[in-house]
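In what follows, a single structure is set out as structure tokens and then discussed.
A note on names: the letters A, B, ... follow the listed sequences, proteins ahead of strands, and every chain is numbered from 1.
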Amino acid sequence: MPQQDKSEATTVTQREREPENRERENDDRYDAQRVEMKWSERWQKDPQLYAAERDSAKKKYYVLEMLPYPSGALHMGHVRNYSIGDALARYMWMNGYNVLHPMGWDSFGLPAENAAIQNNTPPRQWTLGNIAKMKAQMNRLGFAYDWSREVTTCLPDYYRWNQWFFLKFYEKGLAYRKKSKVNWCPQCATVLANEQVLANGCCWRHEDTLVEQRELEQWFLRITSYADELLRDLDKLEGWPEKVRTMQRNWIGRSEGTLIDFKLDYAENHKGFGPAGSSIGVFTTRVDTIYGATSVQLAPEHPMVADLASGNPDLRAKVDQLIAEQRKAKEAGDIGEIEKHGVFTGRYAINPFNHERIPVWIANYILMDYGTGAIMSVPAHDDRDYEFARKYNLEIRLVILPISNDPEETMTEPMLPFTAHDGMLINSGPYSGMDSADAIKTMSRFAEQNGFGKATVTFRLKDWGISRQRYWGTPIPMLYCEKDGIVPVPKQDLPVLLPENVEITLAGGSPLGRVPEFVNTTCPKCGGPARRETDTMDTFVDSSWYFYRYTDAHNAHAPFDSKVAQYWFPIDQYIGGVEHAILHLIYSRFWTKFMRDLGLISNDEPVERLFTQGMVIKDGAKMSKSLGNVVSPDEMVARYGADAARLYSLFAAPPDRDLDWQDSGIEGIQRFLGKVHRFFKNNPVSDNAGWQRPLPAQLSPSARSLQRKLHQTIKRVTDDFQGRWHFNTCISAIMELLNEANRRMLGSSDVVNPVTGEHVKGDEIPSGLLADVQRTLVLLLAPFAPYLAHELWESIGETENLLKAPWPQYDAALAKEEELEIPVQIDGKLRGRVVVPADAMEKSILDAALADEKVKSAIAGKSIVKTIYVPGKLLNIVMK
RNA sequence: GCCGGGAUGGCGAAAUUGGCAGACGCAGCGGACUUAAAAUCCGCAGGGGCCAAAAGCCCUGUGGGGGUUCGAUUCCCCCUCCCGGCACCA
């Protein structure tokens, strides 16, 4: 093998550095570092290598991995994510698809500002430096990306289109301003992100300063306008994990119910009503229980509370305490377990159905941001209301009885609270006797006809607040003019550039507000002085549509060309961590629907198939600096090579499960790669061998068995790619093929035993079959271990580009077993085995089984009741 | 508390989901090669018992308990523990 000699020569310098290696003239260890560097250099010289084809007649395939935040270095989760995507991209190339496999950088965000303060480096410089480092890591790992389409979200040629989209949202009435709460640290005098608020509610930099809530005017996108469609279309996403669809369904949280107005009792309000008005709007899904309402409960932050507490410092103080309890529970994430507290306001409201006067309470378990922030409390038919009523001795009134198929049970008093939805009304005036479903409809209609309510649908989903009081993000392209008010930046003036050389401190509010040349501008309407918006956009804006930009990454006139996007979309396979199951994936879906309504695209959904991979953990815990269990990809690549790191991340667990990283495991993979390499080196195929598949009739039983294994392996690997993506079993199958081939070749006269040097005469493996096995091994390995695969491909004299070489096909007839070993069970217990021809009938198998000594002794003295034969699998004889 | 996902040898896992439990790999043990080691190759290996040992045979075993079935890791009911998500959603 001439290539072998050449490559030996290139390692001379390395050998001189390690003298003991000189003795290893016959050392056949695989030098992964040398081979990988060689190919990496070659690949990077050809920028067109992984480029998607334009105007291709092939079928398209868009495979995408979630783009990383350029934190400075890849972690093992990235390696796993990209190894999955890269294997798929390579497999699809080999199957003749026009593959789009791009990569980019989600490069705006908080860490760049933190780094700027710590290292006194401008965010842009820090970010672009990290991108360069991580890109080099990706190239070293051998990921096949079309870098000509690279998207970097922090650059103006990308974020100008964020601004463009924002103006489109504004034009369509889907972007609006409203007051909203932010975390405010009085020491820093600035807004904090949630992650900058410690668990005890204090500032991350001032651990004894309590974070306050402040109201600021902020921009919102009206995602709720699409709530119904976002929910409905989840049913169409059959290529998504059911888990993610369920999570999104719950997140959108549609519920049908009724709005009912409870008027405050005027007699109690002789002073008149406050700014919040004279009635409390309540949302309920169970208007049928309204005759059982014995109080109205307000969220502590409900506008009415301010009216009721004005001039009542005692009440005000109690309310403030409820607010504090609620906030604490929310921050700790256990709002579901809050210890229920409430306070009676001293006022009453009127139930519009029975004109009953019921007390108005304020309670810490009522949330302002769901429904109307007020409920009617029906203790007999709601768990939480029941618990609250028991605690404060409020009346509990039964108004629903169970309906049962068993007449005995119907009309008996149920255990309280009785929350089933299919009951019958009692004590409910004219509605008594109706079933719940009918009553809900009839009572909603009655409320609507009488002007005190209506049937309605509410969502848990809230509008998307996109304003951030930070520097490193897309400037929101809006102006504030004294004369004309809020004025959008004209589209021809985009992009609104993020100024450079801004001093980043964490104090004093939004950094852009301190740059006069940014803030001060002129109004495009009146020419008078105007102020720019100084908030920037949430980085989820960037990631909501970046995958469209990949299709046309250098378009200077539009976010992308519609025709080009139409060709590539929807994304055929999207791969990423399950932590993005809600926010990123719901915003992306929203953005797609908005773009469709603008006429930019014609798909309703961005992603056809979604795959959520498991986490990479170490010693049973998530990798983190504080635990000291971080595994660095660079170190793994330096020690074992990129192929080994990639292969191990696919082999150690099925990709949807968590992966517990073990260094000893990757050593095993390194051994396997060396074994593959040695198999080729020890079994060179003579030049004229070719790789025509030998016919089975020409083969000895031993050779035939190797051929069978070969075709079975192709089938297993192919099936797993088509189906469930259990790459761990794909790789096991390839290992088995190699083991089998090694065993057979060791017995073949073609080769000497590498250890003993003996020639062992055994079964002849014809070189045609050997060539077939070697060629197929390379092809099967190509998606998983591209470096070694390319090296071996070249070493067997192939000149075609392995990247586009056709994926091997298996022959079902050659894969079929000729003989089967059928386990024989007596009463379900294994008692023997018989070897039969693959096409044997049940009768002959039974005869063979009954002739077996062990079976004979097991059935002695009993009689056969029946036999069950599962073709090709098992024979069970049932005795009596 | 709710929703979702899990639990299989010393470890990661497999059994394409009613049909031989533990493929493949790690760690381990024994052997070959070597002055020795590394590397490599071959073999053993769920647990327990019968047995001096081996061969062989038997019992038992997929978080726990029950059920359906000729047969259950797989289906049904109950329970325990672990991971992820969350919003007491009216």
Side-chain angles (χ1 to χ4, degrees), chain A residues 20 24 27-29 241-244 246-247 249-251 253-255 257 282-286 289 297 329-330 333-338 340 363-367 369-372 374-378 382-385 387-388 458-460 462 578-579 581-582 614-615 617 620 622 648 651-654 656-669 671-672 674-675 678 716 719-720 723-724 726 728-729 731-736 739 742-743 746 753-757 821-830 833 854 865-870 872-879:
Chain A
E20 75 275 14
R24 293 192 206 146
D27 189 348
D28 53 4
R29 258 180 277 188
E242 193 49 52
K243 170 171 137 178
V244 173
T246 303
M247 283 162 88
R249 245 175 235 124
N250 294 339
W251 186 263
R254 183 182 197 273
S255 68
V282 153
F283 176 74
T284 177
T285 56
R286 294 296 306 274
T289 64
Q297 303 279 345
K330 270 188 191 173
D334 57 357
I335 186 80
E337 285 153 53
I338 192 169
K340 291 177 181 57
N364 64 358
Y365 70 98
I366 309 297
L367 303 173
D369 49 16
Y370 184 80
T372 61
I375 64 157
M376 63 177 202
S377 178
V378 185
D382 182 281
D383 293 317
R384 287 151 299 143
D385 295 348
E387 187 186 333
F388 191 86
T458 59
F459 292 93
R460 177 211 167 273
K462 289 171 236 168
V578 72
E579 67 271 20
I582 308 268
M615 288 191 306
I617 57 178
K622 203 171 170 173
Y648 177 66
F651 175 71
D656 49 347
R657 288 255 286 261
D658 285 354
L659 184 163
D660 198 340
W661 190 273
Q662 290 175 323
D663 285 357
S664 58
I666 192 173
E667 279 169 20
I669 289 293
R671 274 200 282 275
F672 164 69
K675 212 163 161 180
R678 221 171 305 116
R716 280 174 69 183
D719 286 354
D720 268 352
R724 49 182 201 159
H726 279 200
N728 53 332
T729 54
I731 295 163
S732 307
I734 298 172
M735 288 172 170
E736 283 182 44
N739 291 345
N742 259 325
R743 257 196 302 280
L746 212 60
N753 183 318
V755 176
T756 59
E821 192 187 60
I822 304 290
V824 181
Q825 294 184 343
I826 310 294
D827 291 331
K829 293 205 169 190
L830 184 68
R833 301 161 192 281
K854 274 155 79 182
V865 177
K866 64 172 172 175
T867 60
I868 295 145
Y869 177 58
V870 186
K873 294 268 189 188
L874 156 148
L875 177 71
N876 189 15
I877 304 171
V878 185
M879 310 300 299

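- Between B:G65 and B:A14, the two C1' atoms lie 27 Å apart (nearest whole Å).
- With C1' as the reference atom, B:C11 and B:G48 are 22 Å apart, rounded to whole Å.
- Put simply, the side chain of A:Arg384 and the base of B:A90 share a donor and an acceptor less than 3.5 Å apart.
- Base-pairing analysis of RNA chain B finds the following stems of at least three consecutive Watson-Crick or G-U pairs, with both pairing distances under 3.5 Å: B:1-7 with B:80-86, B:10-12 with B:24-26, B:28-32 with B:40-44, B:46-50 with B:56-60, B:63-67 with B:75-79.
- Nearest nucleotide to the side chain of A:Ser664, out of B:A27, B:A7, B:C41: B:A27.
- Among the protein residues, A:Phe672 comes within range of no part of the nucleic acid, since none of its heavy atoms lies under 4.0 Å from any strand.
- A syn orientation is assigned to B:G9, its glycosidic angle lying within 90° of 0.
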Between protein and nucleotides 65-71 of chain B, what N or O pairs are separated by less than 3.5 Å?
{"residue": "B:C70", "atom": "O2", "partner": "A:Asn876", "partner atom": "ND2", "Å": "2.2"}

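- When the side-chain nitrogen and oxygen atoms of A:Arg678 are compared with OP1 and OP2 of B:C41, one or more of them lie within a distance under 4.0 Å.
- Considering only the side chain of A:Leu874, B:C20 comes nearest among B:G4, B:A14, B:C20.
- Using a 4.0 Å cut-off between a side-chain N of Lys or Arg and a carboxylate O of Asp or Glu, A:Arg384 and A:Asp382 qualify as a salt bridge.
- Comparing the P positions of B:G85 and B:C42 gives an interatomic distance of 45 Å, to the nearest angstrom.
- Residue contacts for A:Asp656: at a heavy-atom cut-off of 4.0 Å it reaches no nucleic acid atom on any strand shown.
- Backbone-only contact: A:Arg657 has heavy atoms under 4.0 Å from sugar-phosphate atoms and none from a base.
- As judged by a 4.0 angstrom heavy-atom cut-off over every strand, A:Asp720 is placed among residues making no nucleic acid contact.
- Across B:C77 and B:U68, the matching P atoms stand 15 Å from one another, rounded to whole Å.
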